[in-house]
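Note sheet for the following structure.
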2 protein chains.
Amino acid sequence: MLKKERHTYIMKQINLHNKVLSSDLSQQLNVSEDTIRRDLNELDESGKLLKVHGGALSKSYHFPFHQNEVYAQEAKKQVALKAIQLIKEGMVVLTGGGTTMIELAKMIPFSLEATFFTISPLVALELVEHPKLTVILIGGQLSKNAQINVGASVINDLSEIKVDICFLGANGIDAKEGITDSDWEVVQVKKAMIKSTSKVVILSISEKLNSVQKMRVCNFNQVTHFITELNPNHANLASFSEMNIQIL
Amino acid sequence: MLKKERHTYIMKQINLHNKVLSSDLSQQLNVSEDTIRRDLNELDESGKLLKVHGGALSKSYHFPFHQNEVYAQEAKKQVALKAIQLIKEGMVVLTGGGTTMIELAKMIPFSLEATFFTISPLVALELVEHPKLTVILIGGQLSKNAQINVGASVINDLSEIKVDICFLGANGIDAKEGITDSDWEVVQVKKAMIKSTSKVVILSISEKLNSVQKMRVCNFNQVTHFITELNPNHANLASFSEMNIQIL
DNA sequence: GTAAAAATTGCAGAAAAACGCAAATTATTA
DNA sequence: TAATAATTTGCGTTTTTCTGCAATTTTTAC
């Protein structure tokens, strides 16, 4: 039995019972507990489960999304800070989801008067208390891993709006391959978002630079701004400098 | 049973009852009180509860200033507890918003397989981690005071679905006047919700009994169940007893 | 003030994890 | 195809973690 097979088996058990024991898995898969532990360590590092003494637990059950700490929060705050400077009074804005986008929402000044469309319930809730904002949450099926609304109805609703500026997070970003993502539903929605706007702003921490995911969202000629926390003339950004994009 | 499992169990009990006893937990989890005390100490040190002699207390309940306090939370939890007993495997459920509904969402067991439509981002986020639930958030303009989605698009989307059971909170409830509310947008949405379902379950703490708001949502012949925290033959419920409604 | 209940502390046995290493398997290259 | 390199796996040893028990101290209740 191959490693990948064990991994999928383990994840199935996790999703079924919310927990697994190293000893059980060792018996069921006919490998030593050492091997199981190594498997669990890998799955833990890639964030798919939570390894504990004796086995592993479902991450979602024991650590709900909203109480997770934000990874690389400082960098994301810097990125968000740059981004909000692009928002002007009276604008119609569209935002995606993700932790960077939530940081952005937290930074929106209370005095701003604008209209925000979003597919993220978390972003919407951050903005709802702002007195001068109109917040419109585009509904759909709530994606379990991305925590944004996805599906045909979202794409349909997006096709009927036209906004001034759209802020998007990126999972994979590469000078050649453009913006990429690993979840099919998410890619579909992001594509629809890009169609609904005149300015596309990509937010991404530098760590994700030069990484490529399974599916393409768009290439760089559809992007108007790219924001990261690095200095614009940093070596890692050299490959982007020739493009017709504003780098912040 | 693994340590972390005990921790989640303890936190669930804390969130449900606002307090736990070491002796109870020892029995329920089949471990010595020593172990429970060690668990409680760890959870206390990480700030998740408040350890006291004999057990532990919910932090939010006893120090409500940190988080936004839920008014009459105990009563709302009792109401929600009754309500979830109406949800059966495989059902299609529609829920409104409000604090009672969020308590209900928190109590949904992880093992339930069902489809949830909701107009409340907070309810949706509570449910999104449940592995077997499909959560569909009906989008629209996010109402600043009710924290639910409202507007024509919500009503339109609601007109296109048909659910088994619909849970609704009530601001005003009166034997003569029926269910009433003070926000026009909210009333419109609630009316649309009632049209989309076969069973209408009203959840309300007894305090709101016999109060009448500005606008009518519906009268009692559209309601199938009414849940409050009082004993069914309590005097205050006398006026409802003749109606064709199940009172819980 | 006394007795009962609960908490703390130290300790020991058991279970699990980490580590290093060797054998076996798989992939890569000539 | 053979040889080499890289990865994976299992085993023995050491280290750490977990848990219950007993003795002692502290808190609570009557």
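A, B, ... follow the sequence lines: proteins, then strands. Residue 1 opens every chain.
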Candidates D:dT27, D:dG20, C:dC19 - which lies nearest the side chain of B:Asp34
D:dG20
What is the minimum heavy-atom distance between B:Val123 and B:Ala105, and which atoms define it?
CG1-CB, 4.1 Å
For the side chain of A:Arg38, counting heavy atoms from C-beta on, which of C:dA7, D:dG10, C:dA18 is nearest?
D:dG10
Distance, rounded to the nearest Å, where A:Leu2 contributes CG and D:dT9 contributes C1':
13 Å
I need the CG-P distance between A:Leu40 and C:dA18, as an integer number of Å.
10 Å
Taking the side chain of A:Val31 as heavy atoms from C-beta outward, which of D:dC18, D:dG10, D:dT8 is closest to it?
D:dG10
Nearest 0.5 Å please: distance from the CG atom of B:Leu203 over to the CD atom of B:Glu229.
11.5 Å
Cut-off 3.5 Å, side chains only: do A:Ser26 and A:Glu33 have a donor facing an acceptor?
no
Whether A:Lys144 and B:Glu129 form a salt bridge (side-chain N of Lys/Arg under 4.0 Å from carboxylate O of Asp/Glu) is what I want to check.
no
Whole Å only: how far is the CG atom of B:Asp39 from the P atom of D:dT17?
16 Å
Do B:Lys3 and B:Glu42 meet the salt-bridge criterion of a basic N to acidic O distance under 4.0 Å?
yes
Quick check on D:dT8: is either OP1 or OP2 less than 4.0 Å from any side-chain nitrogen or oxygen of A:Lys3?
yes
Write down the distance between CG (A:Leu29) and P (D:dT9), rounded to a whole number of angstrom.
11 Å
Separation of D:dC11 atom P from A:Asn30 atom CG, nearest Å, is 12 Å
Establish, with yes or no, whether the OP1 or OP2 oxygen of D:dT9 is under 4.0 angstrom from a side-chain nitrogen or oxygen of A:Arg6.
yes
Is B:Asn41 touching bases, backbone alone, or none of the nucleic acid, heavy atoms closer than 4.0 Å?
sugar-phosphate
Give one of base, sugar-phosphate or nothing for B:Ser23, where a contact means two heavy atoms less than 4.0 Å apart.
nothing
Report yes if at least one side-chain N or O of A:Ser22 is closer than 4.0 Å to OP1 or OP2 of C:dA17; otherwise report no.
yes
Side chain of B:Arg37 only, heavy atoms from C-beta on: which candidate in D:dG12, C:dA7, C:dA16 is closest?
C:dA7
A:Glu5 CD to D:dT9 P, in whole Å, measures 11 Å
Given atom NZ of B:Lys4 and atom C1' of C:dA17, what is their separation to the nearest angstrom?
17 Å
Please confirm whether the shortest side-chain N or O distance from B:Thr35 to OP1 or OP2 of D:dT19 is below 4.0 Å.
no
Atom pair distance, as rounded to whole Å: CD in B:Glu33 and C1' in D:dC21:
13 Å
